[in-house]
Protein chains: 2
Amino acid sequence: MANPAQPTPYKGSGKLRPEELIYQEMLDAILDRRLEPGMKLIEEDLAKTFSVSRARIRATFLQLAHDKLINLVPNRGAFIAEPTIDEAIEVFSARRMIEDGVVRKIAANMTPDRASQIREHLEREHQAHHAGDHRAAIILSGEFHLLLARLAGNLVIEEFLERLILRSSLIIAMYESPQPVDCSHSEHETLLNALLGGDPDAAAAEMAKHLDAIRDRLQLQRPKPAKTDFASIFGRNPKSVAS
Amino acid sequence: MANPAQPTPYKGSGKLRPEELIYQEMLDAILDRRLEPGMKLIEEDLAKTFSVSRARIRATFLQLAHDKLINLVPNRGAFIAEPTIDEAIEVFSARRMIEDGVVRKIAANMTPDRASQIREHLEREHQAHHAGDHRAAIILSGEFHLLLARLAGNLVIEEFLERLILRSSLIIAMYESPQPVDCSHSEHETLLNALLGGDPDAAAAEMAKHLDAIRDRLQLQRPKPAKTDFASIFGRNPKSVAS
DNA sequence: GCATGCAAAATTGTTAACAATCCATATTTT
DNA sequence: AAAATATGGATTGTTAACAATTTTGCATGC
């Protein structure tokens with residue numbers, strides 16, 4: 001009849017299941033572009049890579065698919081997601097909405113400790129930028145927004161935004177302009193100043209500007225074909241390539 | 001190497017996989033409280049109920065767990081989530097943040113069509129309320145917010161909010177006050193008026209008030225238990241459960 | 001009566017084999 | 001030569017059996 005409350009509702013206490021670990025590792029790989037849109041994920045290969053059963057990889061796939069980070073095509077397998085242009089626009093629009101609230105919250109109750117956390121992060125971004133470490137710069141750039149989400153003090157928002165940032169990573173990988181425009185690095189500093197100003201409206205406005213800037217640096221018109229398309233490269237008309 | 005783009009990226013075109021169907025059905029059951037916090041979900045029972053393999057139930061569990069709608073306890077099984085008080089507070093706080101943006105968007109570009117969609121929904125809420133159909137009223141109340149999310153025109157936000165509303169449903173089930181205070185029914189009308197006013201700030205303020213009101217009607221102190229009968233819950237004939 | 005310990009039952013976790021499907025290549029046909 | 005058609009290999013999907021674990025019921029002793 002009545003269900004006994006489970007004694008240990010699995011508080012984070014226990015050690016991480018290997019399952020979660022693989023999931024996390026794939027998230028990392030997506031964030032720093034080792035996994036690119038369109039890539040096929042072969043169950044058995046991954047199973048061997050992680051020394052784990054195929055079933056577990058399958059379970060991981062389900063989670064990733066739920067986050068829209070991969071596509072699960074019946075009988076065909078799993079592919080790193082290739083966000084459409086519409087999707088890209090919606091993701092950035094959603095981020096605007098959410099991060100608006102985030103920065104308002106932070107600006108409204110800024111503390112010295114939080115400020116220094118942000119500054120410290122910016123310092124790392126700065127270093128990566130100077131060192132010409134493009135990969136690190138990209139990762140840190142994403143983590144900047146994650147840090148803000150964390151500082152907003154709402155786990156729900158934090159997790160949600162994490163997923164949006166991961167999706168953004170795929171979007172950027174797909175649609176970034178050929179010559180990588182100088183990254184948002186400096187914009188983050190502007191943002192910090194706005195946050196320190198303590199004016200929520202100003203901070204929100206700055207964040208909106210920043211996100212729009214990121215979006216506008218993309219080429220949201222023609223997709224970057226996942227595989228090289230020689231026909232277009234050499235200006236020829238691909239005769240009748242199967243549609 | 002280069003990956004061939006998948007020919008059919010699984011546009012919604014195809015028919016729903018039975019997997020998604022079960023998932024959806026459990027969401028429904030959570031939304032209208034046929035599944036209550038703490039309930040144990042037994043894989044084999046559910047498998048029989050839905051005439052499906054245990055593996056598929058397992059997959060469904062993973063998705064639900066990812067939404068924090070159930071708890072997956074190693075070696076113990078799956079339980080309908082029992083959101084903690086802290087979690088409850090965070091969920092409502094997150095909703096405030098998001099729905100703030102939602103109503104602003106709607107208020108900013110209200111159209112006659114949208115207005116009538118909302119009115120139509122309110123009418124149904126009204127009827128359910130008058131008919132004393134408490135269950136229907138609860139469901140419709142949740143769907144009101146979902147409708148707004150949809151009208152905001154952002155699929156990402158819509159899906160996210162859907163999950164938060166489902167979590168809210170569990171929260172309310174856990175912490176509602178004994179004598180069900182008159183539901184937010186009338187508050188929704190107030191909200192509509194604010195939306196029609198075309199003033200985003202006013203609308204946002206109204207939504208904030210509404211969400212706070214819901215939260216404040218809860219007794220964020222003590223939980224309550226539940227019992228289990230899948231066959232009746234899902235209105236199915238348990239396939240000859242060998243007894 | 002209540003706690004303790006043990007054995008049986010129920011339930012979850014894992015694996016491996018097999019079936020179904022798809023993809024790429026080779027072969028035939030026109 | 002181009003199109004259509006078989007064929008083999010690779011990959012995913014499913015199932016069932018088994019292993020590991022937890023829960024339950026019962027007997028025992030204090």
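Below, chains carry the letters A, B, ... as their sequence lines are ordered, and counting in each starts from 1. In this text the structure is predicted, and so the values were computed from the model without any measurement. No hydrogens, no waters, no symmetry mates; every other heavy atom, side chains included, goes into these values.
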Quiz item: For C:dC23, does OP1 or OP2 lie under 4.0 Å from any side-chain N or O of A:Lys40?
Solution: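 No, no such contact exists.
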
In whole angstroms, how far is the [atom2] atom of [N] from the [atom1] atom of [X]?
| X | N | atom1 | atom2 | answer |
| --- | --- | --- | --- | --- |
| B:Ile42 | D:dT24 | CD1 | P | 10 Å |
| A:Asn75 | D:dG13 | CG | C1' | 7 Å |
| A:Glu44 | D:dT11 | CD | C1' | 8 Å |
| B:Leu62 | C:dT12 | CG | P | 14 Å |
| A:Arg76 | D:dT12 | CZ | C1' | 11 Å |
| A:Asp45 | D:dT11 | CG | P | 7 Å |
| B:Leu72 | C:dT12 | CG | C1' | 10 Å |

**All ring pair (Phe, Tyr, Trp, His ring centres under 6.0 Å) counterparts of A:Phe92, not counting sequence neighbours** =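 Ring pair (Phe, Tyr, Trp, His ring centres under 6.0 Å) list for A:Phe92, sorted by chain: empty.
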
Residues which pass side-chain contact (heavy atoms from CB on, under 4.5 Å) with [X], listed by chain and number, not counting sequence neighbours:
| X | value |
| --- | --- |
| A:Glu143 | A:His121, A:Ile139, A:Leu140 |
| A:Glu162 | A:Gln24, A:Leu27, A:Leu146, A:Leu166 |
| B:Glu87 | B:Lys68, B:Pro83, B:Thr84, B:Arg167 |

Next on the checklist: Suppose we screen for salt bridge (Lys or Arg N to Asp or Glu O under 4.0 Å). Which residues come up paired with B:Glu158, at least two apart in sequence or across chains?
Outcome noted: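 Salt bridge (Lys or Arg N to Asp or Glu O under 4.0 Å) list for B:Glu158, sorted by chain: B:Arg150.
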
Counting the atoms with a prime plus P, OP1 and OP2 as sugar-phosphate, which does A:Leu41 contact under 4.0 Å by heavy atoms, base, sugar-phosphate, or nothing?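 Sugar-phosphate contact only - A:Leu41 comes under 4.0 Å of backbone atoms but never of a base.
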
- Task: Compute the ring centroids of B:His66 and A:Tyr23, then answer whether they are less than 6.0 Å apart.
- Result: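 Ring-ring flag for B:His66/A:Tyr23: true, centres closer than 6.0 Å.
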
Detail all sub-3.5 Å separations between protein N/O atoms and N/O atoms belonging to nucleotides 14-18 of chain C.
| unit_1 | atom_1 | unit_2 | atom_2 | d |
| --- | --- | --- | --- | --- |
| C:dT14 | OP1 | A:Arg56 | NH2 | 2.7 |
| C:dT14 | OP2 | A:Arg56 | NH2 | 3.1 |

